[in-house]
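Okay, structure first, notes after.
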Protein chains: 2
Amino acid sequence: MANTAKFNRRQVLEKATRLFWQKGFHATSTRDIQQAIDMRPGSIYAAFGSKSGLFREVLQFYAANMTEQLARSLAAADTVVGGLQVFFRRVLLEGGDDAPSELCLLAKSLSELDEEEGELLRETRQLLAATEAEFRSQVERAVSRGELPTHTDAALLARQLQVQLIGLRSYLRATGNRAAVNEIVGHLFDTPEISQ
Amino acid sequence: MANTAKFNRRQVLEKATRLFWQKGFHATSTRDIQQAIDMRPGSIYAAFGSKSGLFREVLQFYAANMTEQLARSLAAADTVVGGLQVFFRRVLLEGGDDAPSELCLLAKSLSELDEEEGELLRETRQLLAATEAEFRSQVERAVSRGELPTHTDAALLARQLQVQLIGLRSYLRATGNRAAVNEIVGHLFDTPEISQ
DNA sequence: TTTCTACTTGAGCGATCGCTCAAGACGGAA
DNA sequence: TTCCGTCTTGAGCGATCGCTCAAGTAGAAA
């Protein structure tokens, strides 16, 4: 007999992601989870193995959603650089209203996970590296399309985008100052690498 | 009778800061603290009131140390801009060996604290704002000394320094790639605001 | 030396943690 | 309709949490 589970895995992951994203891994109790996803402990542990196992799937679910959002942003703009800028503005300035946190869930996890949760920490680092690799391939695409000069250091620029995105999300949580963030995003694609 | 406490408050705060900085507020148990600072619960609660009260003093202690380190960096360099660069390199590249975490304790706390710990969150935001204000006054000093052009937007540049420092520390925790961080720091004081 | 008082001690309270498992519910096969 | 195997249920286990407080200790005053 195949899987006869009653729950919808995607909906469960959506709700669990919102909860973990808001409260973090440590501060989210299994009883919080039970209430949020309307499942009893036995079912949760049968489906996900442990709190860590669920969180691991949540991290992957979150990263996949971010990748989709980047793809949509790129599709909505005429240029690659414009698409990246749309993505930054969406993540930083538009998602803020109903998003569970101003921060990136991966950065938040990177911050709170200890060596004791080594597997989750490794997963987080890997997903962040994949994001940076995605930025890099987009920068390379922009160069090959003539949007950026041929001498552009794609690895450096992708790294700078990653640093800025995480830094700006932290700054937003610290100050709530969207105008200040918007001003910096405006300068983001105006660095010496691009403008000179 | 005045204070006859046997413990040295500064030494206790140093040890507690290292512990909280490494593990974070939630993941540090009061029993971890008891062991690290060699005090029994009764004494700790008499001296600091609660785990939150101790953490509050730890946040202030950490921020004061960062301010001192910035002052030392500025004193060790010929120019203000050079002093800021020394500070960035010290925090990002030199402290990493024995520092409890690659991250800024304030950014880490900003990330894990919830509205349920509102007072600690407010304290964290205030200390971060004070850091940005310190950056700004140094940028203004650099302008008045002729190190930066007079049209420099000091508020914007200070904000960018804050964003970059937090972002770079996250990046260091994500990748451990000091060479990559060093490369970005090299470009930091080479932005359009400065070079044009 | 005696007294006073501030400080320290550590057993342990009530709450909550992540998680288990025996019992029940339910859908498909025969 | 009966049977079988999977999924669900929820009481509750052992561990750990932040914290309290009655009893003990030690230094200053008299």
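No hydrogens, no waters, no symmetry mates; every other heavy atom, side chains included, goes into these values. As the structure is a computational prediction, the values presented were derived from the model and not from experiment. The sequence lines fix the lettering, A, B, ..., with proteins before strands; numbering per chain opens at 1.
The side-chain hydrogen bond (donor to acceptor under 3.5 Å, both in side chains) search around B:Gln22 returns none, not counting sequence neighbours. For the side-chain contact (heavy atoms from CB on, under 4.5 Å) test, residues two or more places apart in sequence or in another chain that qualify with B:Ala155 are B:Arg136, B:Asp153, B:Arg159. Remark: A:Thr175 pairs with A:Tyr171, A:Asn177 by the side-chain contact (heavy atoms from CB on, under 4.5 Å) rule, at least two apart or across chains. The side-chain contact (heavy atoms from CB on, under 4.5 Å) test applied to B:Thr28 returns B:Leu19, B:Phe20, B:Lys23, B:Asp32, B:Ile33, not counting sequence neighbours. A search for side-chain contact (heavy atoms from CB on, under 4.5 Å) contacts involving A:Arg125 returns A:Leu110, A:Leu121, B:Arg173, not counting sequence neighbours.
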Give every pair of a protein N or O atom and an N or O atom of nucleotides 18-25 of chain C that lie under 3.5 Å apart, one pair per line with the distance.
residue, atom, partner, partner atom, Å
C:dG18, OP1, A:Thr28, O, 3.3
C:dG18, OP1, A:Lys51, NZ, 2.8
C:dG18, OP2, A:Thr30, N, 2.7
C:dG18, OP2, A:Thr30, OG1, 2.9
C:dG18, N7, A:Arg31, NH1, 2.9
C:dG18, O6, A:Arg31, NH2, 2.8
C:dC19, OP2, A:Tyr45, OH, 2.6
C:dC19, OP2, A:Lys51, N, 2.9
C:dC19, O5', A:Tyr45, OH, 3.3

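Taking the six-membered ring for Trp and thresholds of 30 and 60 degrees, B:Phe87 and B:Phe135 have ring planes more than 60 degrees apart, a perpendicular arrangement.
Look at CE on B:Met39: it is 19 Å from P on D:dT25, rounded to the nearest Å. Rounding to whole angstrom units, CZ of residue B:Phe7 and P of C:dT9 are separated by 11 Å. Summarising the geometry, the separation between CD1 on A:Ile33 and C1' on C:dT16 is reported as 14 Å, rounded to the nearest angstrom. What separates CZ of A:Arg40 from P of C:dC26 is a distance of 14 Å, to the nearest Å. Between the CD1 atom of B:Ile44 and the C1' atom of C:dG10 there is a distance of 12 Å, given to the nearest Å. Between the CG atom of A:Leu54 and the C1' atom of C:dC17 there is a distance of 16 Å, rounded to whole Å. Across the protein-nucleic acid pair, B:Ile37 atom CD1 and C:dT9 atom P stand 11 Å apart, rounded to whole Å. Atom CG in B:Asn8 sits roughly 13 Å away from atom P in C:dT8 (whole-Å rounding).
Although no hydrogens or angles enter the test, the distance criterion places a donor-acceptor pair under 3.5 Å between the side chain of B:Ser101 and the main chain of B:Leu103.
Residue pairs that meet the ring-ring contact (aromatic ring centres under 6.0 Å, His included) test with at least one member in residues 57-82 of chain B, sequence neighbours left out, are B:Trp21-B:Tyr62. Applying the salt bridge (charged side-chain N to carboxylate O under 4.0 Å, His left out) definition to pairs two or more places apart or across chains, those involving residues 39-54 of chain A are A:Asp38-A:Arg40.
Recorded end-axis angle for the helix from C:dT1-D:dA30 to C:dA30-D:dT1 stands at 0°, based on five pairs per end and rounded to 10 degrees.
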